[in-house]
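Report on the following structure.
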Amino acid sequence: MGRFLEKNQNFFRCFQNALRKWLLIQPENGCLSLLSPCTRRTVSEPDEPVALDKKVMNKFVFVIPVIILLVGVIAYFIVIPNIYGRIVSFVDWLFTDPQNIIDTIRDPNAVLPQVNSIIGIRIFWWVWLAGLITSLFFVGKQLQAKPEPNAANAILTKKEPYLMIQDVTDALKQLKARRNSKQLDSLIYSVKKLEEKLSVESDFGYGKSSVINCENNIARQIQFLLDTAPCIENGDFEENLKAMNTAVMNINSLLRRRIELKKK
C-alpha cells in the first residue's frame, strides 16, 4: 500500500494542483481564493427599476377595459363563429346547459363541439366578464379620486384650513369655561360661522398663482388665530379679542375674493 502511494504521489499532487487552480482566482488585492472572505471582486449592482410615471399608470387604467372589450368582441364575433359556424348568445354561453348549446350550433358543415370544449369556452367568458368588471371598477375609482394639490408653494392644502379653525374654536371654548365676556361670546360665534363656511369650501392648494396667493393670506390669518387663542389672556385681553375679530373678518373677505378668483 505504501509503495502504491509513493508511485502515485505525483498523480495525487497534480490532481490537487489542478483542483486548487480550478477553485482559485487570480490574486487581486492580496486575496487568492474565491471562497476566501477577503475576496475583493467588484460586482456591479443592477440598476434599480425605474418607477412608472403616475400619469402613465392612470392612463393605463383606462386602456385596460378597452383591450379586454376588444378581446371579447373578437372572440365572440370572429373566433368562435369561425370554429362552430354560428354565433351563440352571450347569455347562453354563461348560463345555458352545454348540451343545449351543442343542439343550438348543430350544423353538418361545422365541427360538432364536445361538452368539454363548451365548458372551456364558458370558463373563458366568465374570466373575461370578471376582468372587464374589475377593470371598470378601477376606472370608476380613478375618476372619483381627487388629484393631489398642484401648488408647491401652498401653505395649506385640502381641508387643513377647516381643521385648524376647529382647533381655534376648541381653544376659545376652553377659555369661555374660565372667563365670561360678551366680546368673547361674539368672537366664538364668528369663529363658529367661519368654521361652517370653511367646511363647505373647496380644497385648498389648487388653481392659479393668484388663487394660491389668496389662500396663503387666509392661511396666515388662520395661523394668527391659532397662535393667539391659547394665550389670549396674556397681555391686554380686550385688544387680543379685537385683533382676533379683525383676523376673522379678513378671512371672510379673503374667502369671498377666493371664490371670485376661482371663477376666472
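L198 approaches P161 most closely through the heavy-atom pair CD1-O, 3.8 Å. Between L136 and P65, the closest heavy-atom pair is CD2-CB, 4.0 Å. For I68 against S135, the heavy-atom pair with the smallest separation is CD1-OG, 4.0 Å.
Remark: I222 CD1 to I155 CD1 distance equals 10.0 Å, nearest 0.5 Å. Atom CD in E260 sits 11.5 Å away from atom OG in S210 (nearest 0.5 Å). Rounding to the nearest 0.5 Å gives a distance of 7.5 Å between CG of L175 and CG of L241. To the nearest 0.5 Å, atom OG of residue S181 and atom CG of residue L187 are 9.5 Å apart. Separating the OG1 atom in T169 from the CG atom in L194 is a distance of 8.0 Å, to the nearest 0.5 Å. Note: I188 CD1 to M244 CE = 9.5 Å, rounded to the nearest 0.5 Å.
Judged purely by distance below 3.5 Å, without hydrogens or angles, the side chains of D227 and Q223 pair a donor atom with an acceptor atom.
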I'd like to know whether Y206 forms a side chain to side chain contact (heavy atoms under 4.5 Å, CB included) with K158, so could you lay out the CA-CA distance, the side-chain angles of the two residues, the decisive distance to 0.1 Å, and finally the verdict. CA-CA 9 Å; Y206 304 92; K158 298 182 179 180; 4.2 Å; yes
Before you tell me yes or no, could you show the steps for F204 and I218 under side chain to side chain contact (heavy atoms under 4.5 Å, CB included), namely the whole-Å CA-CA distance, both residues' side-chain angles and the distance that decides it to 0.1 Å? CA-CA 10 Å; F204 278 46; I218 295 173; 4.2 Å; yes
Run the side chain to side chain contact (heavy atoms under 4.5 Å, CB included) check on S209 and I212 step by step: do they pass? CA-CA 5 Å; S209 58; I212 301 302; 5.5 Å; no
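Not counting sequence neighbours, the partners of K192 by the salt bridge (charged side-chain N to carboxylate O under 4.0 Å, His left out) test are E195. Scanning for salt bridge (charged side-chain N to carboxylate O under 4.0 Å, His left out) contacts around R178 gives E233, with sequence neighbours left out. Take F90 and apply the ring-ring contact (aromatic ring centres under 6.0 Å, His included) test, not counting sequence neighbours, and it matches W125, W128. D185 meets the salt bridge (charged side-chain N to carboxylate O under 4.0 Å, His left out) test with K176; sequence neighbours excluded.
With a 4.5 Å cut-off on side-chain heavy atoms, Y162 and Q166 count as touching. In this structure the side chain of T157 never reaches within 4.5 angstrom of the side chain of D203, judged on heavy atoms. Between K242 and N245, the closest side-chain pair of non-hydrogen atoms is not below 4.5 Å. Residues L163 and D167 form no side-chain contact, since every pair of their non-hydrogen atoms from C-beta on lies 4.5 Å or further apart. Side-chain atoms of V71 and Y76, non-hydrogen and from C-beta on, never get closer than 4.5 Å to each other.
Taking the charged nitrogens against the carboxylate oxygens, E201 and R258 do have a contact shorter than 4.0 Å, which makes a salt bridge.
F124 and I78 end up in the same hydrophobic cluster when Ile, Leu, Val, Met, Phe, Trp and Tyr side chains are linked at under 4.5 Å. Note on V61 and L143: same hydrophobic cluster, where clusters join Ile, Leu, Val, Met, Phe, Trp and Tyr whose side-chain heavy atoms are under 4.5 Å apart, directly or indirectly. The same ILVMFWY cluster, assembled from side-chain heavy atoms under 4.5 Å apart, contains both V79 and V73.
Using a distance-only test at 3.5 Å, with no hydrogens or angles considered, no donor-acceptor pair links the side chain of T228 to the main chain of L225. A donor-acceptor pair under 3.5 Å is absent between the side-chain atoms of N216 and the main chain of A154, judged by distance alone. Using a distance-only test at 3.5 Å, with no hydrogens or angles considered, a donor-acceptor pair links the side chain of E215 to the main chain of G205.
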What donor-acceptor contacts under 3.5 angstrom involve side-chain atoms of residues 247-257, with partners at least two apart or in another chain?
| residue | atom | partner | partner atom | Å |
| --- | --- | --- | --- | --- |
| N250 | ND2 | T246 | O | 3.3 |
| N252 | OD1 | K197 | NZ | 3.3 |
| N252 | ND2 | V248 | O | 3.2 |

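V211 forms part of a hydrophobic cluster together with L261, judged by ILVMFWY side-chain heavy-atom separations under 4.5 Å.
Within 6.0 Å of CZ in F138 there are 12 or fewer heavy atoms belonging to other residues, nucleotides or ligands.
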